[in-house]
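Chain identifiers are assigned alphabetically (A, B, ...) following the order of the sequence lines, protein sequences preceding nucleic acid strands; residue numbering begins at 1 within each chain.
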Protein chains: 2
Amino acid sequence: MQTVVSDCPIEDVMRVLSGRWPALLLYYLKEGTRRFSDLQRDNPTLSHRILSLELRKLEQAGLVARTAFPGYPLRVEYDLTPAGAQLVPLIDGLADWWEASASLRARHATTAEV
Amino acid sequence: MQTVVSDCPIEDVMRVLSGRWPALLLYYLKEGTRRFSDLQRDNPTLSHRILSLELRKLEQAGLVARTAFPGYPLRVEYDLTPAGAQLVPLIDGLADWWEASASLRARHATTAEV
DNA sequence: AGTAAATTACGGACATTTTTGTAACCAGGA
DNA sequence: TCCTGGTTACAAAAATGTCCGTAATTTACT
């Protein structure tokens, strides 16, 4: 997913949102500021290395802001940027569509055919 | 991206939309009925094997309908299902958000910092 | 006082799994 | 023979994970 094959902006969007974690992380962050370890505890199946990589990706995309505090045990906080906050309702929309269209999808799904 | 780690429907949504092709294919299909070979020509960098797999994924998810006609040179048509058609505007929303938030994202992006 | 251990947020090397792609093959007509 | 819409076997690449190390400081123990 590195080369661009169309000029649609949707391709850039999916480059950032693709994968299991980005949308989920945005969901956790929409609740407010979270520390690295909070996010780690929130989803135990996500290794800290991947968490780190995903956060960096979201940061570079400008959706998440990282704030590091100097001090004893390190402390780093993550928040949504304004752009990230704007995105959240759109993702909510997708989730709502998924639930609302469940019967519609089931009717047309391959596996549902008799 | 096969195991479920949360109970959020967004995870199911991303399982279907993740990757470079799903959103793009929906975009082509929103213009109307497309044949396999049409979609192949529309994006030349997509191998016909992957096209086949992606279409099958979208079909199983109930977003795309496949219609095979009997006959000489095979003919198979793909269309959006009602659920798929409902999804398109949401994807458009993401694309719009991406363009509208460009400056906002740039301001917060890691690489933009001085 | 000295030493060991814990905490937090990573980074690097490496292994494994998943995804994506390539090449070749099939059917059944025109 | 070519066309269409696939499939299968195999190869490459990308995503994801495990394990270990590091920094600086507090706490725990003796």
For a quick check of understanding: with a heavy-atom distance under 4.0 Å over all strands, which category does Tyr78(A) fall into, base, sugar-phosphate or nothing?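 Contact class for Tyr78(A): sugar-phosphate only.
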
For Glu77(B), report the nucleic acid contact type (base, sugar-phosphate, nothing); a contact means any heavy atom under 4.0 Å.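 No contact at all - Glu77(B) keeps every heavy atom at 4.0 Å or more from the nucleic acid.
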
Is the shortest side-chain heavy-atom distance between Thr81(A) and Arg105(B) below 4.5 Å?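 No, every pair of side-chain atoms sits at 4.5 Å or beyond.
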
If you pin Lys57(A) and Asp38(B) to their nearest nucleotides in DNA chain D, which one's is more 5'?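 Its nucleotide being nearer the 5' end, the pick is Asp38(B).
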
Atom [atom1] of [X] and atom [atom2] of [N]: how far apart are they, to the nearest Å?
X: Leu53(B); N: dC10(D); atom1: CG; atom2: C1'; result: 15 Å
X: Phe36(A); N: dG11(C); atom1: CZ; atom2: P; result: 8 Å
X: Trp21(A); N: dT18(C); atom1: CH2; atom2: P; result: 13 Å
X: Arg20(B); N: dA13(D); atom1: CZ; atom2: P; result: 14 Å
X: Arg66(B); N: dG5(D); atom1: CZ; atom2: P; result: 10 Å
X: Leu51(A); N: dT8(C); atom1: CG; atom2: C1'; result: 13 Å
X: Gln40(B); N: dC3(D); atom1: CD; atom2: C1'; result: 12 Å
X: Leu39(B); N: dG5(D); atom1: CG; atom2: P; result: 9 Å

Approximate separation, where rounding is to 0.5 Å, of [X] [atom1] and [Y] [atom2]:
X: Ile91(B); Y: Asp96(B); atom1: CD1; atom2: CG; value: 12.0 Å
X: Arg66(A); Y: Leu58(A); atom1: CZ; atom2: CG; value: 13.5 Å
X: Leu80(A); Y: Leu25(A); atom1: CG; atom2: CG; value: 10.0 Å

Hey, what's the ring geometry for Phe36(B) with Tyr78(B), parallel, tilted or perpendicular (30° and 60° as the breaks)?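 Rings of Phe36(B) and Tyr78(B): tilted, 30 to 60°.
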
Could you give me the CA-CA distance, side-chain angles and deciding distance for Met14(B) and Met14(A), then say whether side-chain contact (heavy atoms from CB on, under 4.5 Å) is met? CA-CA 10 Å; Met14(B) 294 318 293; Met14(A) 293 318 294; 4.0 Å; yes

Quick one, give me the B/S/- string for nucleotides 22-30 of chain C, reading 5' to 3', where B means a protein heavy atom under 4.0 Å from the base and S means that only happens at the primed atoms, P, OP1 or OP2. B-B------

According to a strict under-4.0 Å criterion, is Ser52(B) in side-chain N/O contact with OP1 or OP2 of dT7(D)?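 Result: yes.
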
Phosphate OP1/OP2 of dG6(D): any Arg56(B) side-chain N/O under 4.0 Å: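 Yes, such a contact exists.
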
Please tell me which of Val76(A) and Glu54(B) maps to the more 5' nucleotide of DNA chain C, matching each residue to the nucleotide holding its nearest heavy atom.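 Taking each residue's closest nucleotide, the earlier one in sequence belongs to Val76(A).
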
Side chain of Trp97(A), backbone of Ala83(B): donor and acceptor closer than 3.5 Å?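 Yes, Trp97(A) side chain to Ala83(B) backbone: donor-acceptor pair under 3.5 Å.
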
